[in-house]
Amino acid sequence: MATIQFARGIDEKAIPDVRLTRSRDNSQGTATFYFNDPDALSNEFPEEITGMYLIDEEGELLTREVKAKFVNGKPETIEAFYLMNSEEEWDRFMRFMERYAEANGLEFSKS
């Protein structure tokens, strides 16, 4: 099972829109996650956001590049960036995304 968390032990139920970019020489990549109305921004969320944890059977991927977007003073969106600095990191991330997509009924589409 693949899951995303913003605080350890609490799965995020909101499904993100994920956008991928990759350098021409495949040496670097970026995944940008957009979560609309995530649980982590609700008043009932019991913990502080400490990062974005991508967890599956292989282990955990972590980024601290997490931002909340506010509209009229209320939190609405979380934007998170996951940077990959090698082809191995890209491959590991893609394996996580395949598991996450399968667990949540998502599919990949190229732009």
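Values reported hereafter were calculated over all heavy atoms of this structure, with side chains retained and with hydrogens, waters and symmetry mates removed.
- Smallest separation of non-hydrogen atoms from I55 and Q5: CD1-OE1, 3.3 Å.
- In this view, E48 satisfies the salt bridge (Lys or Arg N to Asp or Glu O under 4.0 Å) rule with no residue, not counting sequence neighbours.
- Separating the CG atom in L54 from the CE atom in M52 is a distance of 4.5 Å, to the nearest 0.5 Å.
- Of all heavy-atom pairs spanning A14 and N36, the tightest one is CB-O, 4.1 Å.
- Looking at heavy atoms from C-beta onward, W90 lies in side-chain contact with L20 at the 4.5 angstrom threshold.
- I15 is listed as a side-chain neighbour of Y100, based on a closest heavy-atom distance under 4.5 Å.
- A distance of 10.0 Å separates CZ in F70 from OG1 in T77, rounded to the nearest 0.5 Å.
- The shortest distance between side-chain heavy atoms of L106 and V18 does not fall below 4.5 Å.
- Heavy atoms only, all atoms of each residue included: F33 and P16 are closest at CD2-CG, 3.9 Å.
- Here the CZ-CZ distance, from R99 to R95, works out to 6.5 Å after rounding to the nearest 0.5 Å.
- In terms of the side-chain hydrogen bond (donor to acceptor under 3.5 Å, both in side chains) criterion, residue partners of T50 (sequence neighbours excluded) are, by chain and number, Y53.
- Remark: side-chain polar atoms of D25 are paired, donor with acceptor, to backbone N or O of S27 under 3.5 angstrom.
- Aromatic ring orientation, F93 versus F96: tilted (interplanar angle from 30° to 60°).
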Practice prompt. Give the intermediate values and the outcome of side-chain contact (heavy atoms from CB on, under 4.5 Å) for residues E87 and R22.
Written response: CA-CA 10 Å; E87 194 162 348; R22 195 169 185 189; 3.5 Å; yes

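- For D37 and K74, the salt-bridge test fails: no basic side-chain N is under 4.0 Å from an acidic carboxylate O.
- For the atom pair CG of D39 and CD1 of I10, the computed distance is 9.5 Å after rounding to the nearest 0.5 Å.
- Put simply, CG on D56 and CD1 on I4 are 11.0 Å apart, with the number rounded to the nearest 0.5 Å.
- Among all heavy-atom pairs drawn from A7 and E47, the shortest one is CB-CB, 3.6 Å.
- Taking both residues in full, the closest heavy atoms of E76 and V71 are given as OE1-CG2, 3.6 Å, listed atom of the first, atom of the second, then distance.
- Of all non-hydrogen atoms in V66 and T63, the two that sit nearest each other are CG2-O, 4.1 Å.
- The hydrophobic cluster containing L61 also contains I78, counting ILVMFWY residues as joined when their side-chain heavy atoms lie under 4.5 angstrom apart, directly or transitively.
- In this structure, F35 and F6 have perpendicular ring planes: the angle between them is above 60°, well past the 30° mark.
- Distance OG1/T30 to CD/E65: 10.5 Å, rounded to 0.5 Å.
- For residues 1-14, every residue pair satisfying the salt bridge (Lys or Arg N to Asp or Glu O under 4.0 Å) rule, not counting sequence neighbours, is listed here: R8-E60.
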